[in-house]
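Step one of this worksheet: look at the structure below.
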Amino acid sequence: MPVITFREALRQAMDEEMARDDRVFLLGEEVAQYNGAYKVTQGLWEKYGDKRVVDTPITEEGFTGLGVGAAMVGLRPIVEWMTLNFALMAYDQVVSNAAKTRYMSGGQFKLPMVMRGPNGPAEYLAAQHSQALQSIFAHIPGLKVVSPSTPYDAKGLLKTSIRDDNPVIFLEGELMYAWKGEVPEEEYLIPLGKADVKREGSDVSLVSYGKPMRVTLEAAEKLEKEGINAEVIDLRSIKPLDEEAVYASVRKTHCCVIVEESWPFASVGSHLGWLISRNAFDYLDAPVEMVASEEVPMPYNHKLELAVQPQVPKIVAAAKKVLYLDN
Amino acid sequence: MSLVKKYGKETTLSLLQSMLLMRRFEEKAGQMYGLRKIGGFCHLYIGQEAVAAGTIGALDLKSDYIIGGYRDHGHALAVGMDPKAIMAELYGKATGCSKGKGGSMHMYSAEKHMLGGNGIVGSQIPVGTGVAWKIKYMEENGVVLCYFGDGAIHQGAFHESLNLAKIHDLPIIYIVENNQYGMGTDFKRVSAVHDLAQMGYAYDIPGKQLNGMQVMEVYDEFVNAVKSIREKPHPLFYEIKTYRYRGHSMSDPAKYRTPEELEEYKQQDPISILLKQMQEEKLITEKEYKKMDNDIKAICDEAVDFAEKSPEPELSALYEDVFAEA
C-alpha cells in the first residue's frame, strides 16, 4: 500500500470528489495559484481551473458566507480556512447561517459544505495562531465536526464530509501535514460518527482524537513497558460522537483518560467525561481523568509552549492515577 | 409618458395589490401582536412597501432569488408566499412556512426562491453573494436581490461581499433600504457618508439613489437593471430611500423622531401615491380600489383564522430538521 503524507491524503480526497461531482468547488486564501498556504491544494488549480479553485481576498466572513449561500442553492463548496484561528472572523456565518438555516427554514434547505483547515497548536506562533478551537464549533447544533489523526482516516473522512448534505467543520493540524501513513489506491469512505480502536488493551482506556492521538499512542507504548496494557480509542468525529465505542472500552478497562489539546473548560473532553460518568458510571473504578491544554493563551517560548500541551508524561501520569498506581 | 401609463393596467394593478396586501397583512399582524398571539420581535414593514413591491415585481422567480434581513414579511408576501403560511409562522404554528421554527425574522420558501429573513444585521449579504455565485457557476440567467437596512451598511459583511461580487462579476443587486433609523439611531449620526449610494463606488460598483415612496420609479429602474444583468452578469448597488411608520419593532415607541416628521412621510404614502397616479390615468376607480382592499382584508382575516386554528408543532418536531439525512 502506498505511504503518503496527511496533506497528500487530503489533496487526493478533494481531487477525487471534484472529479466525481462538478458542483464541488474550493475557495480560500492562496488555495489556487499559490497551491495552498500548507500545500494541501497543490495542483488542483492547474487541473480544475479558475472556476472551481478560487483564490479569495483575506476576508473569512465574506467568503465563508459566500459558501453558505452557494450551498443553500445546490453547490457543494469546500471552504479552506488558512488556519482555524482566522475562522473566528467567519464565526457568525458558521453559527448563524451554516448551522441554523436548515432548522430555521423548517428543513427546506440543505447546507452541503465543508470548512477545513489546520486547527490546534503549532510551534513558536504565540497565542493568536496556536489554539485548538473545536469546542466552540462542537458546541453549535447543526454542525458536524471531524478530526482525523492519520492520512488514511483523513482521506476517507474528508471524502465522506464532502458528500454529506450538512455543514462539516474538518479539523487538520499544521504539524500533521507531513505525517505519513498507508493509504490504499482504491476508493474508500469512512463514515462520520464511527470511532476507531487504534490500539487494543485491557487495563485503561485512553480516548483522544486528532493530533494528540500521536502522543496518546506513545504514552500507551510507554505504559506497555511498565506492564500496563492501554486501549486507545480515536473518536475520529466529534459530532456525531460515537459514545458507544467509548462506553464499550470503559466497560472493558473500568478506567478512562481523555486526551485533547483544547482548553478543558466546557470542552469536548469535559463533555465526554460527563457522558461517561452518566452512562458508564457503574463500570468505573476511578474518576475519569482528562489531559487537556493548560488554561492559558499559548506562550511563544518553546519550553512553555510544550508545557501547555498534552505530552506523554502527563498522559502516563493520568493513566497511573486512574489505576491508583501513583504515589 | 407617465410610468403608470407606460406599464399599463395589469402591472400597476399588480403592484398596488402587492403593496396593499403587505399593508393590510401587517396591520393585522400588529393587531395580533397586541393581543399576544404573536411573540418575540416583530419588525413591521409598513411604509416601506414600495421597495419590496417595486423590486421583486421586476423579477422572474423561476430563475431569480431574493434574500433579506429581519424586516421580511413584506418580501415574503411580494414573492407570492401564502399569507396563511406567513401568519401561521408568526403564530409559531406547525403550518407556518418554517414549521413554526423560524418566526418573524426567518421567512423562507425554497419554492419561491425566498432565502430568508436573517436576524443578524448584515449576515445575509455574503450569503446572497453566494447565491449569485451559484447562478454564475451554473451559467444560469438569474439575478439575486439582496436587501439590508441602513444599519447593516457599515458591517464588514457588506464590504467583503461587494468586493467579491465585483471581482467575479456576480449577478446581484445589493439594496439598502434606507428607512433612516438603525433601530433608534438616526443613520446620519453613525454614518460617515449620508449619501449611501456612494458606497458602491469604493468597489467600482455603480450606485444609485431611488425614491422608495414612488413604486413606479423603483419598478422602472429594476426592470432595466435586471435586464442589464441578464445580458451580462454584474453587481449593482441601490440606496432606496424609504420610511417606516412604526417603530423598529413592536416594542419600540419610536420617541426618537417627531410626530411632524412621521406625518410628513405619511403624506407621501407609497400606496396613496400609486392609487392617485392610477386614478389620474383612469386605470382604477374608487369602487374597484375598495373592492381590492376588501378582498385583501378578507385574505388577511383568513390568514389569521388559519393561524388560529392550526396546530402547534408536535414535541417530536424538536429534533427534526437539525441535519439533512445523508
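In what follows, chains carry the letters A, B, and so on, assigned in the order in which the sequence lines appear, proteins first and then strands, with residues in each chain numbered from 1.
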Which of [options] touches chain B most, by non-hydrogen pairs under 4.5 Å:
options: A:Lys110, A:Lys51, A:Met72; value: A:Lys51
options: A:Thr160, A:Thr101, A:Asp50; value: A:Thr101
options: A:Ala99, A:Gly107, A:Pro112, A:Pro167; value: A:Gly107

Legend entry - Aromatic contact, B:Phe237 with B:Tyr203 (centres under 6.0 Å):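 No.
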
Legend entry - Main-chain N/O of A:Asp234 paired to A:Asp196 side chain as donor or acceptor, under 3.5 Å: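 No.
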
Inset, instruction - Spell out, as yes or no, whether a donor-acceptor pair under 3.5 Å connects the side chain of B:Asp72 to the backbone of B:Met107. - result: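 Answer holds: yes.
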
Inset, instruction - Compare every heavy atom of A:Asp22 with every heavy atom of B:Tyr137, then report the nearest pair and how far apart it is. - result: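 Looking at all heavy atoms of both residues, the shortest contact is OH-O, 2.6 Å.
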
Legend entry - Considering all heavy atoms, the nearest B:Ser98-B:His106 contact: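 Scanning both residues, the minimum pair turns out to be OG-O, 3.1 Å.
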
Given heavy-atom pairs under 4.5 angstrom as the criterion, report whether the side chain, backbone, both or neither of [X] touches chain A.
X: B:Leu318; value: both
X: B:Glu320; value: backbone
X: B:Phe158; value: neither
X: B:Leu115; value: both
X: B:His168; value: side chain

Inset, instruction - Can you tell which part of A:Ser96 gets under 4.5 Å to a heavy atom of chain B, answering side chain, backbone, both or neither? - result: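 Side chain of A:Ser96 only, per the 4.5 Å heavy-atom cut-off to chain B.
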
Inset, instruction - Select one option (side chain, backbone, both, neither) describing which atoms of A:Leu192 are under 4.5 Å from chain B's heavy atoms. - result: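 For A:Leu192, there is no contact with chain B at all, as no heavy atom is under 4.5 Å.
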
Inset, instruction - Give me the one residue out of A:Leu275, A:Ile276, A:Asn279 that meets side-chain contact (heavy atoms from CB on, under 4.5 Å) with A:Val246. - result: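 In the set A:Leu275, A:Ile276, A:Asn279, the residue that makes a side-chain contact (heavy atoms from CB on, under 4.5 Å) with A:Val246 is A:Ile276.
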
Legend entry - A:Arg52 vs A:Leu26 side-chain heavy atoms within contact, under 4.5 Å: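 When only atoms from C-beta onward are counted, A:Leu26 and A:Arg52 do not touch, as no gap falls below 4.5 Å.
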
Inset, instruction - Determine whether A:Leu27 and A:Phe25 make a side-chain contact, defined as any pair of heavy atoms from C-beta on separated by less than 4.5 Å. - result: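 A side-chain contact exists here, since the closest heavy-atom pair is under 4.5 Å.
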
What residue, out of [options], has the most heavy-atom pairs lying under 4.5 Å from chain A?
options: B:Pro126, B:Ser109, B:Cys97; value: B:Pro126
options: B:Gly102, B:Ser123, B:Gly96; value: B:Ser123
options: B:Pro313, B:Ala157, B:Ala317, B:Gly117; value: B:Ala157
options: B:Lys99, B:Lys134, B:Glu89; value: B:Lys134

Inset, instruction - In plain terms, say whether B:Glu177 and B:Arg71 are close enough for a salt bridge, that is, a side-chain N and a carboxylate O under 4.0 Å apart. - result: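 Here B:Glu177 does not pair with B:Arg71 in a salt bridge, since their nearest N and O are not under 4.0 Å apart.
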
Legend entry - Under-4.0 Å salt bridge between A:Arg76 and A:Asp165: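 Counted as a salt bridge, because a side-chain N and a carboxylate O are separated by less than 4.0 Å.
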
Legend entry - A:Glu172-A:Tyr38 side chain donor-acceptor pair, cut-off 3.5 Å: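 Not at all, the side chains of A:Glu172 and A:Tyr38 share no donor-acceptor pair under 3.5 Å.
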
Inset, instruction - Show your working on side-chain hydrogen bond (donor to acceptor under 3.5 Å, both in side chains) between A:Gln128 and A:Asn85 and close with a plain yes or no. - result: CA-CA 7 Å; A:Gln128 290 177 339; A:Asn85 303 293; over 6 Å; no

Legend entry - Cation-aromatic face contact B:Lys37/B:Tyr91, 6.0 Å, 45 degrees: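 Checked: cation-pi criterion not met.
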
Legend entry - Contact listing (chain B partner; residues 55-71 of chain A; heavy atom under 4.5 Å):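 Only A:Pro57, A:Thr59, A:Glu60, A:Glu61, A:Gly62, A:Phe63, A:Gly65, A:Leu66, A:Val68, A:Gly69, A:Ala70 of residues 55-71 of chain A have a heavy atom under 4.5 Å from chain B.
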
